[in-house]
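Atom set for the values below is all heavy atoms of this structure, side chains included, hydrogens, waters and symmetry mates excluded.
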Amino acid sequence: SLENLLYVLRKHHVKATFFVLTSNVLRNPNLLRALAMDGHDIASHTNFHKPLVIRDAVTHKQRASETYDEFYNDMKVSYQKLEEVVGDVTDNGKPVLQKYFRPPTLAISKMGFKALFANGFTFVVAGSTSTDDFNAPNLYSMIERIRDGLYKHDKVINGAVFVMHMSDTAKYTALALDTVFTLNEQK
């Protein structure tokens, strides 16, 4: 699925930021390098994808799922792995490895922010639209999900940030993006 996505992004001259889970990245570093060599930004999505905040079953309030040290170390290890694989890659003189972070489940605690910033991260990205592409039942629904997050009254929403997933279950993502990019270019 990643090769298909890279093809679509190249075809339409689109750059993306890939927030990477790093627990397995050292098993296939060439995949991450391929993303970086195409000029896409690389950033962290944690090492183990453990939610940073969970809802307490009794109080229904959100609370941190890890201690400060656990989260700090996870972020440190995550960035070190990314740095090991793509820390040397630049695009037009600009490093592709960024100190950006996207939290699992899009939730983060105040303590999480402190640990991130203590690790040197500069941005926490939540996204304006999550396409839930991992559970799209068909191509048409995936196209609609993208269009719903990209347009308001048939005009492009400037600054829209999409949360998408590259996994085997996100099988319509590349083709849906190709369709939407093509239609947008025709406008």
Side-chain angles (χ1 to χ4, degrees), residues 1-21 31-46 49 51-55 60 62 82 86 89-110 112-113 116-117 121-187:
S1 60
L2 191 54
E3 288 175 5
N4 293 336
L5 180 64
L6 284 173
Y7 169 78
V8 169
L9 295 174
R10 279 187 213 117
K11 175 182 173 183
H12 295 281
H13 309 285
V14 172
K15 299 294 183 185
T17 301
F18 287 84
F19 291 90
V20 179
L21 291 172
L31 189 59
L32 184 57
R33 284 194 69 81
L35 294 171
M37 297 300 282
D38 270 8
H40 301 288
D41 282 341
I42 306 298
S44 178
H45 188 45
T46 72
H49 202 261
L52 308 177
V53 178
I54 56 175
R55 187 168 303 279
H60 303 289
Q62 291 187 336
L82 294 174
V86 297
V89 181
T90 61
D91 182 43
N92 293 321
K94 175 186 159 265
V96 297
L97 179 57
Q98 302 298 320
K99 284 272 192 159
Y100 305 158
F101 176 73
R102 188 181 84 73
T105 71
L106 301 174
I108 189 168
S109 66
K110 184 177 179 181
F113 277 111
L116 278 169
F117 295 138
F121 283 84
T122 56
F123 289 98
V124 177
V125 178
S128 57
T129 297
S130 181
T131 62
D132 292 334
D133 52 347
F134 52 85
N135 70 5
N138 56 52
L139 177 61
Y140 179 76
S141 67
M142 187 61 203
I143 291 170
E144 286 303 306
R145 291 173 184 188
I146 294 170
R147 291 182 71 185
D148 288 348
L150 185 59
Y151 300 105
K152 184 173 185 174
H153 307 299
D154 207 35
K155 292 186 180 180
V156 172
I157 300 170
N158 290 326
V161 176
F162 286 80
V163 175
M164 301 176 128
H165 302 81
M166 286 315 308
S167 67
D168 292 338
T169 58
K171 57 187 172 187
Y172 303 109
T173 303
L175 186 54
L177 281 172
D178 191 23
T179 302
V180 172
F181 289 159
T182 300
L183 292 171
N184 198 51
E185 290 162 0
Q186 292 171 352
K187 288 185 174 192

- Kindly indicate whether the side chain of R145, heavy atoms from C-beta on, has any atom under 4.5 Å from the side chain of M164. no

- Note on the structure: By side-chain contact (heavy atoms from CB on, under 4.5 Å), V53 pairs with (sequence neighbours left out) Q62, A107, S109

- Nearest heavy atoms of A126 and L106, plus distance in Å: O-CD2, 3.0 Å

- Message: For R33, give me all partners under side chain to side chain donor-acceptor pair (under 3.5 Å), at least two apart in sequence or on another chain.
- Response: D88

- Those residues that, when tested against S130, pass side chain to side chain donor-acceptor pair (under 3.5 Å) (two or more places apart): D132

- Query: Can you tell me if CZ on F117 sees more than 12 non-hydrogen neighbours from other groups inside 6.0 Å?
  - Reply: yes

- Query: Residues two or more places apart in sequence or in another chain: which of them pass side chain to side chain donor-acceptor pair (under 3.5 Å) with S44?
  - Reply: S78

- Side chains of F162 and L150 in contact at under 4.5 Å (non-hydrogen atoms): yes

- Query: Can you name the residues that form a side-chain contact (heavy atoms from CB on, under 4.5 Å) with A170, not counting sequence neighbours?
  - Reply: D133, S167, T173

- Pair T129-D148, side-chain contact (heavy atoms from CB on, under 4.5 Å): steps then yes or no: CA-CA 9 Å; T129 297; D148 288 348; over 6 Å; no

- Taking every heavy atom of A16 against every heavy atom of H40, the minimum-distance pair comes out as N-ND1, 3.0 Å

Could you give the side-chain donor-acceptor pairs of residues 175-187 under 3.5 Å, partners two or more places apart or in another chain?
{"from": "D178", "atom 1": "OD1", "to": "K11", "atom 2": "NZ", "distance (Å)": "3.1"}
{"from": "D178", "atom 1": "OD1", "to": "H12", "atom 2": "NE2", "distance (Å)": "2.6"}
{"from": "D178", "atom 1": "OD2", "to": "K11", "atom 2": "NZ", "distance (Å)": "3.2"}
{"from": "T179", "atom 1": "OG1", "to": "L175", "atom 2": "O", "distance (Å)": "2.9"}
{"from": "T182", "atom 1": "OG1", "to": "D178", "atom 2": "O", "distance (Å)": "2.8"}
{"from": "N184", "atom 1": "OD1", "to": "Y151", "atom 2": "OH", "distance (Å)": "2.7"}
{"from": "E185", "atom 1": "OE1", "to": "H12", "atom 2": "ND1", "distance (Å)": "3.2"}
{"from": "E185", "atom 1": "OE2", "to": "H12", "atom 2": "ND1", "distance (Å)": "2.6"}
{"from": "K187", "atom 1": "NZ", "to": "D154", "atom 2": "OD1", "distance (Å)": "2.8"}

- Message: How close do G149 and A160 get, counting heavy atoms only, and between which atoms?
- Response: O-CB, 3.7 Å

- Task: Mind checking side-chain contact (heavy atoms from CB on, under 4.5 Å) for R10 and listing every partner two or more places apart, or none if nothing turns up?
- Result: L6, D38

- Item | Sequence neighbours excluded - salt bridge (charged side-chain N to carboxylate O under 4.0 Å, His left out) pairs with any residue from residues 91-100 | D41-K94

- Item | Audit row: L139, I143, side-chain contact (heavy atoms from CB on, under 4.5 Å) steps and yes/no | CA-CA 6 Å; L139 177 61; I143 291 170; 3.9 Å; yes

- Task: I would like to know whether V161 and T17 meet side-chain contact (heavy atoms from CB on, under 4.5 Å); could you show each step before the answer?
- Result: CA-CA 10 Å; V161 176; T17 301; over 6 Å; no

- Message: Restricting to non-hydrogen atoms, name the atom on A174 and the atom on V8 that form the minimum distance, rounded to 0.1 Å.
- Response: O-CG2, 3.5 Å

- Task: Using a 4.5 Å cut-off on heavy atoms from C-beta on, say whether the side chain of I108 contacts that of L116.
- Result: yes

- Query: With T46, which residues qualify under side-chain contact (heavy atoms from CB on, under 4.5 Å), at least two apart?
  - Reply: L21, H49, D74, M75, F101, P104

- Item | ring-ring contact (aromatic ring centres under 6.0 Å, His included) partners of F134, counting only residues at least two apart | H165

- Note on the structure: Sorted by chain and number, sequence neighbours left out, ring-ring contact (aromatic ring centres under 6.0 Å, His included) with Y100 holds for F123

- Supply the atom-to-atom distance I146 CD1 to E144 CD, rounded to the nearest 0.5 angstrom. 10.0 Å

- Task: For N4, check side chain to side chain donor-acceptor pair (under 3.5 Å) against everything at least two apart and list the hits.
- Result: none

- Can you list the steps and then say if L35 with L2 is a side-chain contact (heavy atoms from CB on, under 4.5 Å)? CA-CA 9 Å; L35 294 171; L2 191 54; 3.7 Å; yes

